[in-house]
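Accompanying notes for the structure given below.
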Amino acid sequence: MTARIIDGKAFAARLRARVATQAAAFAEAAGRPAGLAVVLVGEDAASSVYVRSKGKATREAGMAGFEHRLSADVRQDELVALVERLNADPAVDGILVQLPLPAHLDADAVLLTIDPDKDVDGFHPVNAGRLATGLPGMVPCTPYGCLLLLQDELGDLSGLDAVVVGRSNIVGKPMAALLTAASCTVTIAHSRTRDLPGVIGRADIVVAAVGRANFVQGAWLKPGAVVIDVGINRIDSGLVGDVDFAAALPVAAAITPVPGGVGPMTIACLLRNTLVAAHRRAGLAFDEGRA
Ligand code: GUN
C-alpha cells in the first residue's frame, strides 16, 4: 500500500475560489466589500512574506485589505490604540496581528484588545471558550483547515480515534476541540506523554503539530491511518514536516505533504473567517457550501 497524498494546495485553491464568489455576493448585499486588517510590527523577514501574501490573497478574493506596518520599537500603548481604532472601524471585519511580536511587547495583552467578533485568527480567549463550549465563534485557521482536509478524505469522522500531537493554543488545543465536536475520540499527546508510539499506534487520525522535524515515525502509525502534518521545519535538505514522510507513505492510507499540504489551507481559512465575520457583523446569513 502507498498512501494517497492529500493535495492541500488544490483544495485551498477551490476554497479560495468559493470564498471569492461569496465575497462578491456579500459586497453586493452589504454595499461594501468585506475587509481584513493585518498589523505587522518590525521587519521580520518571514512575517513580512506572510503579511504580503495575506494582503495579495485578500485582494484576489475581492475583499478590502488594510495593511498596517509599525516600526519595531512601537510602544505597547500605540499598538493597542491602533487595534482599538480597527475595532471601531466599520470597514474592518477582521483583524490579524502578525505574531511573533518583538520581545518588549505583551502579545497576550494585544490579542485581548481585539474585538472577539473581528478576531479572524480565533486566538482571543472568548473564541477559545466559544469553541470549547460549541458556541458560534471564530475558529483558528490552521486547525480548521486540517478539519476540512480530514472531512474531505474520510467523510463523517464520528467514532474515529484521533491523536493530536502537540498542545499549543494555536493548533493542538483547538484541533482537539474541533475533532471532539466532530465526535472523534480524541487524545492530546505531548512531550510528557508516556509510550507515544503506543498512543499513536491506536489512532485512525494523526495530527502532528509539535514543530520537530521528522518526529513521528512511520513504524508508529496504525496501517491505514490518515495523517495530517502541520509542521514546517527547515533542515539542510529543505522543508520537512513533523512526520517522517517517506517512512509513513507505505503505512498510512493518506497523508499531507510538506510543503503543499496544510500550509495553503491557513490563508484560505483566514479569508473564509473574514467573510464569516463580515456576514455576522452585517446581520447576513453565511452559506458555507462545499469546496
Ligand atoms: N504567525 C505565523 N502564523 C500566524 C497566524 O496564523 N496568525 C498570526 N496572527 N500570526 C502568525
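In what follows, residues are counted from 1 in the order of the sequence shown. Numbering of ligands and ligand atoms starts at 1, following listing order.
Shown in contact with Gln98 at under 4.0 Å from a heavy atom are these atoms of ligand 1, numbered in order with element: 1 (N), 2 (C), 9 (N), 10 (N), 11 (C). Using a 4.0 Å cut-off to heavy atoms of Val97, the atoms of ligand 1 that qualify are 8 (C), 9 (N). Within the listing of ligand 1, atoms 9 (N) sit less than 4.0 angstrom from a heavy atom of Leu96.
The number of heavy atoms from other shown groups lying within 6.0 Å of CZ (Phe286) is above 12. Within 6.0 Å of the CZ atom in Arg69, the count of heavy atoms belonging to other residues, nucleotides or ligands exceeds 12.
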Show the atom names and distances, to 0.1 Å, of all donor-acceptor pairs under 3.5 Å that link a side chain in residues 155-167 to residues at least two apart or in another chain.
| unit_1 | atom_1 | unit_2 | atom_2 | d |
| --- | --- | --- | --- | --- |
| Asp156 | OD1 | Ser158 | N | 3.0 |

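If you check which protein heavy atom lies closest to atom 10 (N) of ligand 1, you get Leu99 N, 3.0 Å. Remark: minimum distance from atom 6 (O) of ligand 1 to any protein heavy atom is reached at Asp121 OD1, 3.8 Å.
Using a 30° and 60° split on the angle between ring planes, His279 and Phe26 fall in the tilted class, from 30° to 60°.
Both Leu149 and Val207 are assigned to one and the same hydrophobic cluster, defined by single-linkage of ILVMFWY side chains at heavy-atom distances under 4.5 Å. Val74 and Phe66 fall within the same hydrophobic cluster, where Ile, Leu, Val, Met, Phe, Trp and Tyr residues are linked whenever their side-chain heavy atoms come under 4.5 Å apart, directly or through other members.
Heavy atoms of Ile170 found under 4.0 angstrom from ligand 1: none, in either backbone or side chain.
Looking at Thr266 next to ligand 1, no N or O pair under 3.5 Å apart turns up. Distances between N or O atoms of Phe123 and those of ligand 1 include no value under 3.5 Å.
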